[in-house]
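Everything numeric here is computed off the predicted structure, so don't read it as measured data. Below, each value reflects all heavy atoms present in this structure, side chains not excepted, and no hydrogens, waters or symmetry copies. Residue numbers count from 1 along this sequence. Both ligands and their constituent atoms are indexed starting at 1 by order of listing.
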Amino acid sequence: MYVSHLSLLDFRSYEAADVELEPGPNAFVGRNGRGKTNLVEALGYVATLGSHRVANDAPLIRAGAQRAVVRTRVVRGERASTVELEITAGKANRARVNRGQLGRARDVLGILRTVLFAPEDLALVKGDPEGRRRFLDQLVVQLLPRAAGVLADYERVIRQRSALLKSLRGHRAAGRSPDLSALEVWDARAAQLGGQVLAWRIALVRAAQPLLAAAYEQVSDADGEARMTYRSSVLPDGLVPGNEELEKLLAAAIEEQRPQEIERGQSLVGPHRDDLALALGGLPAKGYASHGESWSMALALRLATFRLLGGGVDPIETDGVFWDPDHGSDADPVLVLDDVFAELDTRRRERLAELVVPARQVLVTAAVPQDVPGELMGARFEVTPGQVRRA
Ligand SMILES: Nc1ncnc2c1ncn2[C@@H]1O[C@H](COP(=O)(O)OP(=O)(O)O)[C@@H](O)[C@H]1O
Ligand SMILES: [Mg+2]
């Protein structure tokens with residue numbers, strides 16, 4: 001698929017911008033702080049309903065404006081879809097698909113798929129588990145749009161359950177014996193939704209693992225194998241339980257942790273506490289990998305994602321959960337390389353350019369034209385504050 005048109009209204013630094021894009025490579029060149037990342041962030045938002053830079057929507061709306069609008073035209077095979085997304089801070093976002101009624105933002109999921117690689121991705125390797133959980137969940141949602149509702153419900157249940165745990169802790173501190181019946185209702189919801197989230201993440205990691213190993217080999221000179229493993233305190237080592245078992249395992253773990261949970265006023269088990277372990281040559285990437293290896297790992301994660309979304313998922317490997325019958329047709333996600341070439345040495349630069357050139361559409365941003373490899377120059381745009389012009 002590819003994006004043929006993008007227009008922004010009051011999104012980040014853009015009051016109004018209109019860009020006609022081409023299939024194949026597109027390069028956006030402009031000095032730092034001019035709005036290159038803002039532009040690609042808007043596309044990422046249409047694909048995932050989230051930003052790779054911020055956890056809430058407020059910064060996406062131009063300072064002083066009430067709401068932002070992102071409009072895109074996505075071409076997949078013979079079909080073109082238009083998506084219009086309205087972002088309002090503190091209120092539910094709304095969307096319109098193909099000039100239909102304004103409806104739920106979630107209705108746009110599945111229309112555009114993007115994979116973005118940016119220097120911030122180094123945090124996937126070196127940073128906290130939260131970033132890796134978000135990475136997994138954004139991928140789950142791109143593969144299976146209906147997962148967005150379950151993920152949101154799970155987050156809400158954990159928030160409310162934690163609030164209840166805090167109040168129970170208060171009761172206990174005041175010498176009253178807490179009434180646990182309300183908690184049991186939340187426990188059951190947390191286990192049910194959490195078990196589903198676990199099942200998706202595990203299926204995803206299992207399907208992505210061979211793609212990650214292959215991608216790492218392609219982008220790095222090192223011989224060590226790259227591995228990703230899902231880490232959850234409720235998973236027995238080496239076992240891959242089915243969906244129902246996951247719910248039961250989680251329910252049992254929640255019950256077992258209850259005294260500590262009340263004591264701390266927090267939900268201590270479940271997918272919101274899990275991690276994605278990344279390893280190189282048998283050692284954890286975090287804390288062991290060199291700077292260059294960490295870069296290669298982050299890049300390999302994104303390339304693996306690109307291939308996974310582009311049809312590399314085998315329905316058997318994922319128990320069929322992510323299988324979309326339309327998957328193979330022009331499914332390549334839009335690949336975005338935001339300011340990455342400047343950070344790479346010549347060899348990695350050449351290798352990366354070679355790997356991504358065949359993609360259906362690649363958007364590259366750079367501060368200076370010399371940082372865009374020749375074969376990725378394609379359609380060229382100049383980014384100046386608030387404006388994007390075809391050069
Ligand atoms: N909500 C917002 N309202 C107005 N300006 C914003 C907003 N968010 C970011 N900016 C501005 O956008 C610029 C950064 O744009 P960015 O796309 O990150 O630059 P780069 O070209 O380096 O990728 C900064 O000048 C910042 O002040
Ligand atoms: Mg930038």
I'd like to know: is the Mg ion (ligand 2) within the 2.8 Å range of an N/O/S atom from Thr37, strictly under that distance? yes
Closest protein heavy atom (residue, atom, distance) for atom 24 (C) of ligand 1: Gly33 O, 4.0 Å
For atom 12 (O) of ligand 1, closest protein heavy-atom neighbour: Asn38 ND2, 3.1 Å
Among Arg206, Arg132, Arg201, Gln209, side chain to side chain donor-acceptor pair (under 3.5 Å) partner for Tyr230: Arg201
I'd like to check atom 26 (C) of ligand 1 in this structure: does the protein have a heavy atom lying under 4.0 Å from it? no
With a 4.0 Å cut-off on N to O distance, would you call Arg302 and Asp121 a salt bridge? yes
Enumerated ligand 1 atoms positioned under 4.0 Å from heavy atoms of Ile61: 1 (N), 2 (C)
Can you find a side-chain donor-acceptor pair between Asn38 and Tyr14 that sits under 3.5 Å? no
Shortest protein contact, atom 5 (N) of ligand 1 (heavy atom only): Ser13 CA, 3.7 Å
Between Leu276 and Val197, is there shared hydrophobic-cluster membership here, with clusters defined by ILVMFWY side-chain heavy atoms closer than 4.5 Å? yes
So is there a nitrogen or oxygen of Ala58 less than 3.5 Å from a nitrogen or oxygen in ligand 1? no
Counting heavy atoms only, which of Glu15, Arg53, Lys36, Arg34 is nearest atom 18 (O) of ligand 1? Arg53
Please list, in number order, the atoms of ligand 1 under 4.0 Å from a heavy atom of Ala63. 1 (N), 2 (C), 3 (N), 4 (C)
The protein heavy atom nearest to atom 8 (N) of ligand 1 is Arg12 CD, 3.2 Å
Are the charged groups of Arg67 and Asp10 less than 4.0 angstrom apart, N to O? no
So, taking the atom named CG in Leu6 and the one named CD in Glu20, what distance separates them when rounded to the nearest 0.5 Å? 10.0 Å
From CA spacing to verdict: side-chain contact (heavy atoms from CB on, under 4.5 Å), Glu84, Val69: CA-CA 7 Å; Glu84 186 183 317; Val69 180; 3.9 Å; yes
Regarding ligand 1, does Leu39 bring an N or O atom to under 3.5 Å of one of the ligand's N or O atoms? no
Heavy-atom contacts with Pro59 under 4.0 Å: which atoms of ligand 1 show up? List them by number with element. 1 (N), 2 (C), 8 (N)
Show which atoms of ligand 1 fall inside a sub-4.0 Å distance from at least one heavy-atom site of Thr37. 17 (O), 18 (O), 20 (P), 23 (O)
Using 30° and 60° as the class limits, which term best fits the ring planes of Tyr154 and His272: parallel, tilted or perpendicular? tilted
With Asp330 as partner, the option from Arg76, Arg113, Arg360, Arg79 fulfilling salt bridge (Lys or Arg N to Asp or Glu O under 4.0 Å) is Arg360
Answer with yes or no whether Gly35 contacts ligand 1, where contact means a heavy atom under 4.0 Å from a ligand atom. yes
